[in-house]
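Single-structure report; data block below.
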Amino acid sequence: MMNVSVIGTGYVGLTTGISLAFLGHRVTCVDIDERKIDGLKAGLMPIYEPGLEDLLNSSEERIRFTTSYEAAVSEAEVLIFAVGTPANEDGSPNLTYLFGAADDVISHLIGKETPTVLVNKSTVPVGTADTIADKIKAFGLEDRVSIASNPEFLRQGRAVADTLYPERVVVGGGDAAVQTLRRMYEVLVEQRFEAPSFAPRPEGVEAVPFMSVDLRSAELAKYAANAFLAMKISFINEIANVCDAVGADVRRVADIIGTDARIGKSFLHAGIGYGGSCFPKDTRALHHIADTNGYDFKLLAAVIEVNGAQKFKLIEKARESLGSLQGKRIAVLGLTFKPGTDDIREAPSLPIIEELVREGAEVRVHDPIALEKSRPQLPVGVQACVSVQEALLGAEAALLVTEWPEYAGIGAEQLKAWMDRPLWIDGRNAFADQYGQELEYRGVGIRGGASRQPAHVHP
Ligand SMILES: NC(=O)C1=CN([C@@H]2O[C@H](COP(=O)(O)OP(=O)(O)OC[C@H]3O[C@@H](n4cnc5c(N)ncnc54)[C@H](O)[C@@H]3O)[C@@H](O)[C@H]2O)C=CC1
Ligand SMILES: O=C(O)[C@H]1O[C@H](OP(=O)(O)OP(=O)(O)OC[C@H]2O[C@@H](n3ccc(=O)[nH]c3=O)[C@H](O)[C@@H]2O)[C@H](O)[C@@H](O)[C@@H]1O
């Protein structure tokens, strides 16, 4: 058991803190947002993350929430930064929160006798840990305080499982810091804990690779991972656009190329592109980092450009079917950047809605989780509907932006009864099996109606 503090209780910090408490550590979670901390003290989760509340309930006696740095710093052997690093106008990451937190922590470390490892989990430009090391040195604390980088690879909506069963734990830093973190992660790395019923251990997971590298490689690896995944998505979206042009089916193409283990099946789901708080910001950040270091990362620029345009394919398809959108009632289904989360940061829904409004459409939107949260960001005149029926009633097209499973359950007959024209434009190619034959269905890279034919594998 170790004393660990986590600075920042967002998606990453809260999941990390609760998971470390679940694994047996005594954890202090700090945030400057008093409302968040008051809520957490009262048992209210500030984010929607399946299983996280259950995990907290299994670890409650080992975790506390506070706004006090004093409490967080004094006893902690490991102090993890997990504050936001949003993009600046020019694409560079804004490090104000991180450096603000580091300065506060370091000021509280003066006079502390026992060693402390500061760990950065936020996604940051290469060299950020070195800057924090310089701050530590400036206060003469380098004998007792060290810095490590521990990039995070969890996905929102699957944060608990990704944290308990990660594909690797990456630590950058000197030997002593790496050893301390190996100890902190021991139970996780060796998978020596009883898997909770709400997050069962995936088959075959017996141990987690613990990879230690130098600070800079750890920092860059995080951006490289996200940029590669974003590249796969933009690549398959380009193939989808070619499929539309030549009359092929991108799902079948993805099935076929995905069986090549060198390519892999995942992240080949074509549609309207990636959103969220990370891929858009991290691809721009890596491009900016390369640029400011004198390297023109052309491939990444193309990945970003393709993704920027892809969301508007949905509107092109609506125009192809309906002609002018002026005065047409259109339902937009799903506002979050993907299902299973309440996060609308950089979600394709918002630019799509803005464009529909600009073209004069009468827009009604629905989301099962994020409707209230989205209201302030919706353009004037857009109707936010609490029921999916209200959104679809009298609509001439439904634009599927987020593939919430509940939309599959509506049923073709119901859709035909509710909508003026049962035109289903599927931005995620998610409901071809349910609606491909029954409705006027259009996917991305699925020319015309969707075929029911998966690739047939002959024995
Ligand atoms: N959201 C995700 O799925 C993933 C995020 N990351 C990275 O992790 C970092 C955190 O991301 P999220 O958890 O999504 O951010 P978030 O925006 O959900 O949470 C950040 C939290 O930090 C708090 N905070 C800001 N300044 C603070 C300070 N000085 N002291 C204490 N608390 C402070 C904020 O009040 C907020 O609660 C980012 O760098 C992100 O790129 C990495 C992997 C996955
Ligand atoms: O750095 C981060 O914050 C995280 O970013 C992503 O996680 P996340 O943004 O939660 O969501 P993903 O499931 O990766 O999806 C991102 C976007 O890509 C889209 N996507 C994903 C896969 C695909 O095949 N096609 C596709 O369009 C999704 O709809 C979504 O909009 C990464 O998957 C995580 O490993 C990483 O830690």
Side-chain angles (χ1 to χ4, degrees), residues 5-17 29-37 39-40 46-47 49 66-69 72 79-87 93-105 120-125 128 150-159 162-163 166-167 222-223 225-230 232-237 240 250 254 258 264-283 285 307 310-311 334 336-349 401-403 427-430 444:
S5 291
V6 183
I7 315 284
T9 56
Y11 290 90
V12 170
L14 193 57
T15 310
T16 303
C29 287
V30 194
D31 207 289
I32 45 171
D33 184 337
E34 278 183 31
R35 276 202 322 189
K36 236 183 207 182
I37 294 298
L40 281 162
I47 51 168
E49 195 56 61
T66 177
T67 52
S68 156
Y69 270 84
L79 228 141
I80 302 174
F81 295 107
V83 299
T85 48
N94 177 348
L95 298 176
T96 316
Y97 303 103
L98 178 65
F99 288 151
D103 289 343
D104 273 351
V105 163
N120 178 48
K121 222 177 216 317
S122 299
T123 303
V124 293
T128 302
N150 176 210
E152 177 55 60
F153 300 98
L154 68 77
R155 288 162 291 181
Q156 285 176 216
R158 303 171 69 146
D162 282 351
T163 305
E167 281 175 297
K222 171 61 198 175
Y223 283 118
N226 275 2
F228 193 88
L229 293 169
K232 275 187 104 172
I233 298 171
S234 278
F235 179 84
I236 201 67
N237 283 337
V250 70
K265 290 185 197 309
S266 58
F267 275 71
L268 290 180
H269 207 102
I272 49 174
Y274 58 79
S277 67
C278 291
F279 283 171
K281 135 178 116 55
D282 291 349
T283 44
N307 194 65
Q310 193 67 14
K311 51 181 87 64
T336 56
F337 79 98
K338 66 173 188 178
T341 176
D342 62 346
D343 200 340
I344 51 165
R345 290 180 283 182
E346 302 249 12
S349 55
V401 171
T402 318
E403 66 275 36
R428 300 293 180 182
N429 290 347
V444 182

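For ligands, and for the atoms within them, numbers begin at 1 and follow the listed sequence.
In Phe153, the CZ atom is crowded: over 12 heavy atoms of neighbouring residues, nucleotides or ligands sit closer than 6.0 Å. Around atom CZ of Arg345, more than 12 heavy atoms belonging to other residues, nucleotides or ligands sit under 6.0 Å away.
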Could you tell me, for ligand 1, which of its N or O atoms are under 3.5 Å from any protein N or O, listing the pairs and their distances rounded to 0.1 Å?
| residue | atom | partner | partner atom | Å |
| --- | --- | --- | --- | --- |
| ligand 1 | 1 (N) | Gln156 | OE1 | 2.8 |
| ligand 1 | 3 (O) | Gln156 | OE1 | 3.3 |
| ligand 1 | 13 (O) | Tyr11 | N | 3.0 |
| ligand 1 | 13 (O) | Val12 | N | 2.9 |
| ligand 1 | 14 (O) | Arg345 | NH2 | 3.4 |
| ligand 1 | 18 (O) | Tyr11 | N | 3.4 |
| ligand 1 | 29 (N) | Tyr69 | OH | 3.3 |
| ligand 1 | 30 (N) | Tyr69 | OH | 2.6 |
| ligand 1 | 35 (O) | Asp31 | OD1 | 2.6 |
| ligand 1 | 37 (O) | Asp31 | OD2 | 2.7 |
| ligand 1 | 37 (O) | Lys36 | NZ | 2.5 |
| ligand 1 | 39 (O) | Thr85 | OG1 | 2.5 |
| ligand 1 | 39 (O) | Thr123 | N | 2.9 |
| ligand 1 | 41 (O) | Thr123 | OG1 | 3.4 |
| ligand 1 | 41 (O) | Lys281 | NZ | 2.6 |

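Contact record, Thr283 with Phe279: OG1-O, 2.6 Å, taken as the closest heavy-atom pair. Shortest non-hydrogen contact noted between Leu268 and Gly258 is CD1-CA, 4.1 Å.
At distances below 3.5 Å, not a single donor-acceptor pair connects side-chain atoms of Ser5 with backbone N or O atoms of Leu79. One N or O on the side chain of Lys222 and one on the backbone of Glu152 form a donor-acceptor pair closer than 3.5 Å.
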Checking side chain to side chain contact (heavy atoms under 4.5 Å, CB included) for the pair Tyr11/Glu49: CA distance, chi angles, key distance, verdict? CA-CA 8 Å; Tyr11 290 90; Glu49 195 56 61; 3.8 Å; yes
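Considering only residues two or more places apart in sequence or on other chains, Asn307 meets the side chain to side chain donor-acceptor pair (under 3.5 Å) condition with none of them. Partners of Phe99 under the side-chain contact (heavy atoms from CB on, under 4.5 Å) rule, at least two apart in sequence or in another chain, are Leu95, Thr128, Thr131, Ile132, Lys135.
Contact residues for ligand 2 (protein heavy atom closer than 4.0 angstrom to any ligand atom): Glu152, Phe153, Leu154, Arg155, Gln156, Lys222, Asn226, Ile233, Phe267, Leu268, His269, Gly273, Tyr274, Gly275, Cys278, Phe279, Asp282, Phe337, Lys338, Arg428.
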